[in-house]
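These notes concern the structure reproduced below.
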Amino acid sequence: MKQTLALSRFGFAAILMLACGTATAADVILDRIDSDRQAFRVVRLAGDLHHPWAVAQLPDGRFLVSERRGKLALMEGDKVQYLQGVPEVSALGQGGLLDVVLHPQYGDGEHDWIYMTFSKPGKGGTASAVARARLGDGTLTDFEEVFVQNRFSSPGRHYGSRLAWLADGTLLMTIGDRGVEPPRAQDINDHAGSVLRMTETGAVPDDNPFAGDVPGADELYSFGNRNIQGLTVTADGHIWASEHGALTGDELNLIQAGVNYGWPKVTRSKDYSTREPIGVPSMAGVRDAELIYDGRFAPSGLDQVESEQFSSWSGDLLAGGLGSEKLLRVALDGKQIKDSEVLLQGQLGRIRDVRQGHDGYIYLLTDRTDGGLYRLEPVE
């Protein structure tokens, strides 16, 4: 089901401020943007981040920001400290240090774990992996490798690597098709091109669709996913994922256990070289996308708004775009998409991550060699 995207209205003052030059840390760079339901401003909290990939807000208000080159920044105000103890990564192409999330019970002492995904170098190339560690004084401690995908392959492309927690305490992880062999996404014995589900320690939940004696990789939750770089679990327990197509055909999917999402047999994408359609638009036994993003959206970063700060957006999804440089609001009614609206388009650049902080504000990362951390704030 393809949705019509409506451009939001940008205030003249916001555009004027953007044209006036580079802002310093904690500066308002867009003083007012009037969207259909909510006026907001954009504040830059930090710059000079080297291809930042993910942001997580600690209970005390500080931020962890991963940089693809293999560094993890601890940010307090305008101070940035790079932590020691980060795993070795293959920082080639799309690889590196990628997602970072906190354990859902972070702050109680026992569960003060930071989870991170990365492209792990090894025999045969690289693999998408998950590790966890605790935050020490300037370093990560108690480092543990939780999961490594079951096949290493040539480095550089389609690691996926978003994490999200389900209400039962299990952890979801996305892995892309790794780029060179798209049919891997249809092989249920291969972790590539899938959403995985594991416990907090990396063990296999007994109720996974392919666990035990059922054919298929035990960790597999869904398959036929080309390269998911946006993942969130909504308040009502639904799993939504933003997935890269090839040339156009980027998807927003509702992820369910054991379901095939089609790649590369079923897709609205076109081949980069020939511009011919890849596969077919639909097929029995394959789940269609809930939304085909308009044009070359290039999705990365996805979260649901559940905040008093943005009550008029409550329950909606916010999706970031890389090549499109868009921030898109997708209005939901349970599992149904009602409408969509472009909130930002080009003002910040390539949007890599979208996160709601525990303080209720919305945080964005931009993907540049001098990328930034931004906060959306409501304007009355």
Restricting to non-hydrogen atoms, name the atom on [X] and the atom on [Y] that form the minimum distance, rounded to 0.1 Å.
X	Y	value
D31	V28	CA-CG1, 3.7 Å
F152	K123	CB-O, 3.3 Å
I278	T267	O-CG2, 2.7 Å
P209	G258	CG-N, 3.5 Å

Under 4.5 Å between side-chain heavy atoms, counting indirect links through other Ile/Leu/Val/Met/Phe/Trp/Tyr residues: same cluster for [X] and [Y] or not?
X	Y	value
Y374	L343	yes
L171	I239	no
I228	L318	no
L365	V100	no
V148	I175	no

Starting from the C-alpha separation in whole Å, work towards a yes-or-no answer on salt bridge (charged side-chain N to carboxylate O under 4.0 Å, His left out) for D333 and K338.
-> CA-CA 7 Å; D333 182 7; K338 297 191 300 182; 5.6 Å; no
Backbone N/O of [Y] and side chain of [X]: donor-acceptor pair under 3.5 Å:
X	Y	answer
T232	D303	no
S269	T248	yes
D250	G245	yes
D142	W113	no

Can you find a pair of side-chain heavy atoms, one from [X] and one from [Y], that are under 4.5 Å apart?
X	Y	answer
L327	V342	no
S66	L98	no
T174	N225	no
M116	L97	yes
M198	V146	yes
P299	H244	yes
L58	Y106	yes
L64	L102	yes

Not counting sequence neighbours, list each pair that qualifies as a salt bridge (charged side-chain N to carboxylate O under 4.0 Å, His left out) and has a residue in residues 82-102.
-> D99-R162, D99-R355
Determine whether the side chains of [X] and [Y] contain a donor N or O and an acceptor N or O closer than 3.5 Å.
X	Y	answer
S312	Q38	yes
D367	H51	yes
R184	S153	yes
N208	E219	no
R352	Q229	yes
Y159	T126	yes

Can the ring centres of [X] and [Y] be said to be less than 6.0 Å apart?
X	Y	result
F310	F40	no
Y115	W165	yes
F147	H191	yes

Is it the case that more than 12 heavy atoms not belonging to [X] sit under 6.0 Å from its [atom1] atom?
X	atom1	result
E377	CD	yes
D48	CG	no
D206	CG	no
D60	CG	yes
R134	CZ	yes

Give a yes/no verdict on a cation-pi contact between R375 and F63, requiring under 6.0 Å between NZ or CZ and the six-membered ring centre and an angle within 45° of the axis.
->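 No, R375 does not lie over the aromatic ring of F63.
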Residues E341, R37: salt bridge by 4.0 Å N-O rule = no
Residues R178 and D190 bridged, charged N to O under 4.0 Å |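 A salt bridge is absent here (no side-chain N lies under 4.0 Å from a carboxylate O).
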Between Y363 and Y361, how do the two ring planes meet: parallel, tilted or perpendicular, split at 30° and 60°?
->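 Perpendicular, since the angle between the ring planes exceeds 60°.
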Walk me through it: do D294 and L328 pass the test side chain to side chain contact (heavy atoms under 4.5 Å, CB included)?
-> CA-CA 11 Å; D294 190 26; L328 182 71; over 6 Å; no
